[in-house]
Amino acid sequence: IANTSICTGVAIAIGATTVPGSTYSWVSSPSGFTSSSANPTASPTLTTTYTLTETITATGCIKSNSVIITVNPLPAASISGDSIPCELTIGNIYTTANHSGDTYAWSVAGGTILSGQGTNTLAVNWGSTGTGSITLVETNTSTGCAKTVTYSVTIYSKPGNKLINH
């Protein structure tokens with residue numbers, strides 16, 4: 001394959017189809033990866049150069065090639081806000097850090113989005129008592145790398161109105 005970029009946590013095949021009568025030896029820089037497969041799968045955690053040495057068994061002729069796999073980080077998506085809202089509350093605010101060039105896609109279970117879809121700040125109207133969640137997919141538009149996080153909430157009952165007798 002040609003030099004390419006991947007996102008953290010992605011595996012990639014770095015070779016090609018086996019040629020009968022050849023043997024293969026892969027090494028990496030930084031070190032830690034070796035393989036004798038023609039088309040091994042690698043899961044680098046940082047930018048890595050993979051070097052292949054192919055040997056034709058019958059002749060002993062050798063050829064080497066290298067490929068650089070650049071590893072791009074995932075966005076640092078996280079959600080902060082009230083994890084124990086009261087039922088039927090309006091406009092509870094949830095945020096994630098704003099990173100220039102990133103996109104934000106929110107979804108809510110147990111409530112509805114009031115405003116903020118596509119931004120780093122979301123306002124939620126919570127529904128009835130029970131459990132709910134907010135899910136955020138933050139995508140870095142320059143690398144295409146995305147991270148999904150889910151924030152769980154427990155929606156509590158509001159106190160009942162009580163009459164005070166004097």
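Just so you know, these numbers come straight off a predicted model, no measurement behind them. Count residues from 1 along the sequence. The analysis underlying the following values was restricted to heavy atoms, covering all of them including side chains, and did not include hydrogens, waters or symmetry mates.
- Closest approach of H99 to Y104, counting heavy atoms only: N-OH, 2.8 Å.
- In this structure, a donor-acceptor pair under 3.5 Å is absent between the side chains of T49 and S29.
- Using a 4.5 Å heavy-atom cutoff, the side chains of V19 and Y24 are in contact.
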Verdict with reasoning, L114 to L122, per side chain to side chain contact (heavy atoms under 4.5 Å, CB included)
CA-CA 8 Å; L114 175 65; L122 188 72; over 6 Å; no
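- The NZ atom of K147 sits 7.5 Å away from atom OG of S78, with the distance rounded to the nearest 0.5 Å.
- In this structure, NZ in K63 is found 13.0 Å from OG1 in T55, a value given to the nearest 0.5 Å.
- Checked by atom type, the side-chain pair T135/T150 shows a donor-acceptor distance below 3.5 Å.
- Taking the side chain as every heavy atom from C-beta outward, I79 and W106 approach each other to under 4.5 Å.
- In this structure S152 satisfies the side chain to side chain contact (heavy atoms under 4.5 Å, CB included) test with no other residue, sequence neighbours excluded.
- When every heavy atom of K158 is checked against every heavy atom of C86, the shortest pair comes out as CG-CB, 3.9 Å.
- Hydrophobic clustering (side-chain heavy atoms under 4.5 Å, transitive across Ile, Leu, Val, Met, Phe, Trp, Tyr) keeps V124 apart from V137.
- Considering all non-hydrogen atoms of both residues, A123 and I93 come closest at CB-CD1, 3.8 Å.
- For E87 and S128, the side-chain atoms include no donor-acceptor pair closer than 3.5 Å.
- Side-chain heavy atoms closer than 4.5 Å link hydrophobic residues (I, L, V, M, F, W, Y) into clusters, and following such links, even through other members, never connects I69 to V27.
- With contacts defined as side-chain heavy-atom distances shorter than 4.5 Å, the pair Y50/P44 qualifies.
- The hydrophobic cluster containing V10 does not contain V149, counting ILVMFWY residues as joined when their side-chain heavy atoms lie under 4.5 angstrom apart, directly or transitively.
- Side-chain contact check for N39 and S37: no donor-acceptor pair (N or O, by modelled atom type) lies under 3.5 Å.
- The two residues N125 and G91 come nearest to each other via the heavy atoms OD1-N, 3.0 Å.
- For the atom pair W126 CH2 and T89 OG1, the distance stands at 8.5 Å (nearest 0.5 Å).
- A heavy-atom distance below 4.5 Å is found between the side chains of P85 and V153.
- Residues A38 and T18 approach most closely at CB-OG1, 3.3 Å, considering heavy atoms.
- By the 4.5 Å heavy-atom criterion applied to side chains, T8 and T45 are not counted as neighbours.
- A distance-only check finds a donor-acceptor pair linking the side chain of T119 to the backbone of T121 [under 3.5 Å].
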Start with the C-alpha gap between S157 and T129, add the side-chain angles, then the distance that decides, and say whether side-chain hydrogen bond (donor to acceptor under 3.5 Å, both in side chains) holds.
CA-CA 6 Å; S157 299; T129 302; 3.1 Å; yes
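- Put simply, the residue from S28, S66, S64 that forms a side chain to side chain donor-acceptor pair (under 3.5 Å) with T51 is S66.
- Put simply, the side chain of L136 does not reach to within 4.5 Å of the side chain of T148, judged on heavy atoms.
- I6 and L74 are assigned to two separate hydrophobic clusters, defined by single-linkage of ILVMFWY side chains at heavy-atom distances under 4.5 Å.
- Annotation: side chain of N140 is not in contact with side chain of N72 (no heavy-atom distance under 4.5 Å).
- A donor atom on one side chain and an acceptor atom on the other are found under 3.5 Å apart for T95 and S80.
- Counting heavy atoms from C-beta on, the side chains of P30 and T48 come closer than 4.5 Å.
- Side-chain N/O atoms of T53 and S25 include no donor and acceptor closer than 3.5 Å.
- The OG1 atom of T47 lies 10.5 Å from the CG atom of N3; values are rounded to the nearest 0.5 Å.
- The nearest pair of heavy atoms linking A11 to S43 is CB-OG, 3.4 Å.
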